[in-house]
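As a basis for the values below, the full set of heavy atoms in this structure was taken, side chains included, without hydrogen atoms, waters or symmetry mates.
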Amino acid sequence: MKKRIFVTATNTDIGKTYTTMQLLKEYASQGIEVGAIKLIETGVRDGVYPDGDLLLSTLKELNPKFNDIEVKDIVPISYELPAAPSIASNGVALDFDILTDAIEKLENICDVLIIEGAGGLLVPVDRNFMMIDLITFFSAKALLVTHCSLGCINDTLLSLQLLQNRNIDAMLVFNCRDEDKDFEVVSKPFFVTNDIEVLKTSDNIDTICDVMYNL
């Protein structure tokens, strides 16, 4: 089995795809053959995969072995409705065989596979499983992406606690945006005083990659 890194987040629209892209570029710069898969994408309409298309175009630039790969190979399950998979699928049970086959196919052409989740850890993927269950099922290490706006302390601690309760090896990374100028004063002091390292996707991707690779 190749190195599997599962990129998850405290919520939707936090920066999972952006972080995935930065991981891919950094690992590729180190001479590592990279791959990525977004197990489930919702909001796919008229053949347009908002995240999948972006990931595939990037992979073709970074790893020539992906030149023959199609978007459906890196987004094996998709739905039109932009909602939680359990709702977008009308309650259809998740087919783990489809996901397993897709992962195994991509791992034949890469050394590190970035697995991107959808939404946060407790997003229901069907009636029986949540997104966090996929991290364990695929024996991956988790990279938790959190935001830097007001409320990030609560959101981050809840997700970290959930990962710890499940005994999932995880690392925390902050995806700060231009509008998050108050983070250094409003939220960062809490993390620093509680010995929670503040590593940012934009500034510390090399360190993040090194830690995740050896986690």
side-chain hydrogen bond (donor to acceptor under 3.5 Å, both in side chains) partners for Lys65, two or more places apart: Glu33

Over all atoms of both residues, closest heavy-atom pair of Leu55 and Lys38: CD1-CB, 4.3 Å

Set of residues satisfying disulfide bond (SG atoms under 2.5 Å apart) with respect to Cys209, sequence neighbours excluded: none

Disulfide bond (SG atoms under 2.5 Å apart) involving Cys110 - partner list, sequence neighbours excluded: none

Same apolar cluster: Leu162 and Phe174, side chain cutoff 4.5 Å: yes

side-chain contact (heavy atoms from CB on, under 4.5 Å) involving Lys181 - partner list, sequence neighbours excluded: none

Salt bridge (charged side-chain N to carboxylate O under 4.0 Å, His left out) contacts touching residues 202-215 (sequence neighbours left out): none

Sidechain-backbone polar pair: Asn67 side chain, Pro64 backbone, donor-acceptor under 3.5 Å: yes

Asp111 bridged to Lys3 by N-O distance under 4.0 Å: no

Disulfide (SG to SG under 2.5 Å): pairs with one or both residues in residues 120-208, sequence neighbours excluded: Cys148-Cys176

Leu113 and its side-chain contact (heavy atoms from CB on, under 4.5 Å) partner, picked from Val34, Leu106, Ile5: Leu106

Over all atoms of both residues, closest heavy-atom pair of Ile153 and Phe191: CA-CZ, 3.8 Å

Any residue meeting side-chain contact (heavy atoms from CB on, under 4.5 Å) with Asp101, in chain and number order, not counting sequence neighbours: Glu104

Residues forming a side-chain contact (heavy atoms from CB on, under 4.5 Å) with Asn11, sequence neighbours excluded: Ile14

Heavy-atom side-chain proximity of Gln30 to Tyr213 below 4.5 angstrom: no

Qualifying salt bridge (charged side-chain N to carboxylate O under 4.0 Å, His left out) pairs, either residue in residues 132-150, two or more places apart: Asp133-Arg166, Lys141-Asp169

Leu199 with Phe190, same ILVMFWY side-chain cluster at under 4.5 Å: yes

Geometric class of the Phe129/Phe96 ring pair [parallel <30°, tilted 30-60°, perpendicular >60°]: perpendicular

Side chain to side chain donor-acceptor pair (under 3.5 Å) between Gln22 and Glu26, worked out: CA-CA 6 Å; Gln22 300 312 304; Glu26 177 62 25; over 6 Å; no

Residues Tyr79, Ile40; criterion side-chain contact (heavy atoms from CB on, under 4.5 Å); working and verdict: CA-CA 8 Å; Tyr79 302 107; Ile40 308 167; 4.0 Å; yes

side-chain hydrogen bond (donor to acceptor under 3.5 Å, both in side chains) partners for Glu184, two or more places apart: Lys188, Lys200

Test side-chain contact (heavy atoms from CB on, under 4.5 Å) applied to Ser159 - qualifying residues, sequence neighbours left out: Thr10, Leu121, Leu144

side-chain hydrogen bond (donor to acceptor under 3.5 Å, both in side chains) involving Asn165 - partner list, sequence neighbours excluded: Gln161

Phe138/Phe6 aromatic ring centres below 6.0 Å: no

Check: Asp155/His147 side-chain N/O donor and acceptor closer than 3.5 Å: yes

Note, Thr156 side chain near Leu160 side chain (heavy atom, < 4.5 Å): yes

